[in-house]
Amino acid sequence: QVQLVESGGGLVQAGGSVSLSCSASGAFFRGFVLGWFRQAPGKEREFVAAIRATGERTSYGDSVKDRFTISRDNSKNVMTLQMNSLIPGDTAVYYCAASRLTYITRLAANYIYWGQGTQVTVSS
């Protein structure tokens with residue numbers, strides 16, 4: 001059974017930082033593209049960031065570029081999203097996901113494994 005588990009969400013003030021982690025079971029982790037998505041109430045799920053299997057290439061959504069950093073440690077089966085300069089618009093449930101594709105994709109439909117999500121709330 002493949003499982004992705006997010007952690008690290010919570011309440012943070014605007015301008016602050018928070019780090020999210022996604023831990024995964026199984027050796028599959030190392031060969032998969034991993035991504036972060038978020039969904040705010042009443043909005044569609046939004047691409048946040050993704051990273052290739054070996055970590056040499058990343059991609060970010062326009063709204064988070066230059067503020068968020070995605071990384072992964074395949075030896076520990078962990079992916080991290082460092083979120084800086086947070087704004088109230090970043091408030092959402094954040095999901096980690098894994099794709100079998102070998103290239104980075106921003107489409108949620110291309111990710112086949114999903115975590116349960118972790119809430120991040122940014123207060124003004």
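The residues of the chain are indexed from 1 along the displayed sequence.
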Check: Linking I/L/V/M/F/W/Y whenever their side-chain heavy atoms sit closer than 4.5 Å, directly or via other members, would Met79 and Ile112 fall into one cluster?
Finding: yes
Notebook entry, point to check: Mind checking whether Arg38 and Asp90 have side chains closer than 4.5 Å, heavy atoms only?
Noted result: yes
Check: Would the number of heavy atoms belonging to other residues, nucleotides or ligands and lying under 6.0 Å from CD of Glu56 be above 12?
Finding: yes
Margin query: Is there a path of hydrophobic side-chain contacts, each under 4.5 Å between heavy atoms, that joins Leu86 and Tyr60?
Written below: yes
Next item on the list: For residues Ala98 and Leu34, report the shortest heavy-atom separation together with the two atoms involved.
Entry: CB-CD2, 3.6 Å
Item checked: Atom pair CZ (Arg100) and OG1 (Thr105), whose distance is rounded to the nearest 0.5 Å -> 15.0 Å
Note to self: Just verifying a value: how many Å separate Trp36 CH2 and Glu46 CD, rounded to the nearest 0.5 Å?
What the structure shows: 14.5 Å
Notebook entry, point to check: Is there a donor-acceptor pair under 3.5 Å between the side chain of Thr80 and the backbone N or O of Ser71?
Noted result: no
Check: So, does Arg30 use its side chain to make a donor-acceptor pair with the main chain of Asn74 at under 3.5 Å?
Finding: yes
Check: Roughly how far apart are Ser59 OG and Ile70 CD1, rounded to 0.5 Å?
Finding: 9.0 Å
Review item, side-chain donor-acceptor pairs of residues 10-20, under 3.5 Å, at least two apart:
residue: Ser17; atom: OG; partner: Asn84; partner atom: OD1; Å: 2.9

Checklist line | Shortest non-hydrogen separation from Ala40 to Ala92 and the atoms involved | finding: N-CB, 3.9 Å
Notebook entry, point to check: With sequence neighbours left out, what residues match Phe68 under ring pair (Phe, Tyr, Trp, His ring centres under 6.0 Å)?
Noted result: none
Next item on the list: Mark yes or no: Arg45 above the aromatic ring of Tyr95, with NZ or CZ under 6.0 Å from the six-membered ring centre and no more than 45 degrees from the axis.
Entry: yes
Check: Does the side chain of Val120 reach to within under 4.5 Å of the side chain of Thr91, using non-hydrogen atoms?
Finding: no
Check: So how far is it from Thr118 OG1 to Tyr94 OH, rounded to the nearest 0.5 Å?
Finding: 10.5 Å
Notebook entry, point to check: With sequence neighbours excluded, what pairs up with Phe37 under the ring pair (Phe, Tyr, Trp, His ring centres under 6.0 Å) test?
Noted result: Phe47, Tyr111, Trp114
Margin query: Using the rule given for side-chain contact (heavy atoms from CB on, under 4.5 Å), can you reason through Val48 versus Leu81, listing the C-alpha separation, both sets of side-chain angles and the distance that settles it, and then say yes or no?
Written below: CA-CA 9 Å; Val48 175; Leu81 184 69; 4.0 Å; yes
Item checked: Residue pair Val33 / Tyr103, side-chain heavy-atom distance below 4.5 Å -> no
Notebook entry, point to check: Would you say the side chain of Ile104 lies within less than 4.5 Å of the side chain of Arg57, judging by non-hydrogen atoms?
Noted result: yes
Next item on the list: Could you grab the distance from atom CD of Glu6 to atom SG of Cys22, nearest 0.5 Å is fine?
Entry: 5.5 Å
Next item on the list: Working to the nearest 0.5 Å, report the span between CZ of Arg52 and CZ of Arg72.
Entry: 10.5 Å
